[in-house]
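Worksheet: the structure to be examined is printed underneath.
Every chain is numbered from 1 and lettered A, B, ... according to where its sequence line falls, protein lines coming before strand lines. Just so we're clear, the structure is a prediction, and the values are computed from it rather than from any experiment.
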Amino acid sequence: MNLTIDARKKECPLPVIETKKALESMTESGMVQVVVDNEIASQNVLKLAAHKGLEASCEHTEDGNFTVRIQNKLFSAIPHPQDENSENAASVQTPASTKKTSGSTGDASVLFSSSPFLSTTPSRPAKVVVISSDTMGDGDKELGKVLIKSFFFALTKQDVLPLAILFYNRGAFLTCQDSECLNDIRTLEKQGVEILTCGTCLDYYHLKEKLAVGGISNMYEIVEKQLLADTILKP
Amino acid sequence: MTDTITFCRGGGCTAKLGPGVLKKVLEKLPKAYDPNLLSGFDHNEDAAVYRLRDDLAIVQTLDFFPPMVEDPYTFGQIAAANALSDIYAMGGEVKTALNIVCFPEHMDLNILGAILQGGNDKVTEAGGVLAGGHSIQDSDIKYGLSVTGTIHPDRILSNCGCKPGDVLLLTKPLGTGILCTAARLKAVSSEQFQSAVKSMTTLNKYAAEALASCQVHACTDVTGFGLIGHLLEMLGEENCADLYADQIPILPGAKDCAEEFYLTAGGQRNRNHGQNRVAFLTSDFSLEEILYDPQTSGGLLVSLPEEDALRILPSLEGFGLKGNIIGTVIQREAKDSTEKIRVLPSRS
């Protein structure tokens, strides 16, 4: 499904608002092509795409106009990798073998790499794990660290995995170098779980260079993922 | 009234030319030297100041733009408050004002009457007198004022000259550009719109009077270049600033409109101009948009010692101004760095 919007001779914010409506109206993946007659408007449309995490490009055409192309990704029913391929499921159970896993697991992680919440698939309910600390529970810190480590180990052994794990505040330490949970979190990522760490928190704790697994996220995404989840697990 | 104001392509200060474009043109003009011109093109001051005697100078400014609200009387008030503001940003006192009018020949003259009435009421509130004006036929409405005020030459408030350790005080909330743009597309509630109108029609006179007792190191009014643009100008070469995201006053509804992408061309121009010099240590898209948002009749941005700012904040609240201390001026650390402004989540 592809859409073209002619937003020439329209002043901001109209080109952006019309693009946003077009993206929201789409029922399947496809490209939205927006033609505007000035660079500022093209930058505002690109800003919309970037904010929504969609791939986009802009071309300054010979007629003096700007064509912005946005790849709108919608997700249909997504099979659980462990249900689909028992051989693969067995291999990812062992952390040591995860580095070499490929094939269907690789495909699955591609599928999960962007907002999968738009799908309404009953086979894969949207569960999200939220980690806001580098310890688990209130009380002794050392105990808390032992508990969070076992939490991630136990999570790798579950039949039903979350769609995403969000790390913020001191939780950001867990996805960075020197984290004792790193291997398990990497295993989860290989199994198709999206690993996202809050960018503000990485900055704040000067961890940006040390991030060792998953991607960097923002508050918009952190809120959206939680809002669209049907279960939020917060150890 | 049979006609209604038809909106132009973006009214108020969103209609301003981008700072980059303007700089290119102004740089090419020869600079006349007159020792009595106390402010000129050099620092892009808010208004021109010319010394007449050792104890007296005149302050002159001019501002006009297309409508950003539908009601003509309100538009007149906003355009006047915006034009008068430059006098206050220099620390001056309003004396006389002249109308500047562009109006379509066949449009209902009652609309023009209401616009001029709004303008006149604000000039009167400012303690000045409306002394005449000039009008021409045009396809779209535009209105504003040329204002003359007076000031003591030793008490001019410059738009640059802030000192490390100063706090940055902003006397009105941000978001008028985004809210007016969204309002044109019927995307804001009437309460949200009214609070924007209240802010835009409030004279900076009251903030300026409160500042008279303070040691002000730099002062400007926040208009078309947005908070970032005006702050960059204020910081000059020597200074940097930290802004605190949770301390920045924002009009109700403005962040929601930014999240819904009611973005102006002016805001994007301001972003292009400033983005290489700003580091956002927050991931808050709507806040970024609001810091770049062109303001119409925005508040004063003042660099001053913290104790002065804390002392006058309550009196600003008394005038219904939702101002706040939004940041701190710091010494420039690395000379080769282009980064001038950091936006932190909070002061901590």
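Annotation: A:Met31, atom CE; neighbour count of heavy atoms from other residues, nucleotides and ligands within 6.0 Å is above 12. Other residues, nucleotides and ligands contribute more than 12 heavy atoms inside 6.0 Å of the CG atom of A:Asp63. No more than 12 heavy atoms of other residues, nucleotides or ligands sit less than 6.0 Å from atom CD of A:Glu55. More than 12 heavy atoms of other residues, nucleotides or ligands sit less than 6.0 Å from atom CD of B:Glu259. Enclosure of atom OH in A:Tyr204 is not indicated, since only 12 or fewer non-hydrogen atoms of other residues, nucleotides or ligands lie within 6.0 angstrom. Around CD of A:Glu209, the count of heavy atoms belonging to other residues, nucleotides or ligands within 6.0 Å does not exceed 12. More than 12 heavy atoms of other residues, nucleotides or ligands shown are found within 6.0 angstrom of CZ on A:Phe151. With a 6.0 Å radius and a threshold of 12 heavy atoms from other residues, nucleotides or ligands, B:Lys142 has its NZ atom above the threshold.
Contact detail for A:Thr200 and B:Pro345: the closest heavy-atom pair is CG2-CG, 4.0 Å. Contact record, B:Ala265 with A:Cys12: N-CB, 3.5 Å, taken as the closest heavy-atom pair. Here the closest heavy-atom approach between residue B:Phe261 and residue A:Ile17 is recorded as O-CD1, 3.3 Å.
If you take CG on B:Asn272 and CD on A:Glu39, they are separated by 7.5 Å, rounding to the nearest 0.5 Å. A:Gln43 CD to B:Leu263 CG: the interatomic distance, rounded to the nearest 0.5 Å, is 12.0 Å. Atom CD of B:Gln268 and atom CG of A:Asn44 lie 4.5 Å apart (nearest 0.5 Å).
No part of A:Leu202 comes within reach of chain B, as not one of its non-hydrogen atoms sits under 4.5 angstrom from that chain. With a 4.5 angstrom heavy-atom cutoff, B:Leu344 does not touch chain A via any of its atoms.
Contacts from residues 278-286 of chain B to chain A, taken as heavy-atom pairs separated by less than 4.5 Å, involve B:Leu281, B:Thr282, B:Ser283, B:Phe285 in sequence order.
At least one side-chain heavy atom of B:Glu289 sits less than 4.5 Å from a side-chain heavy atom of A:Lys47.
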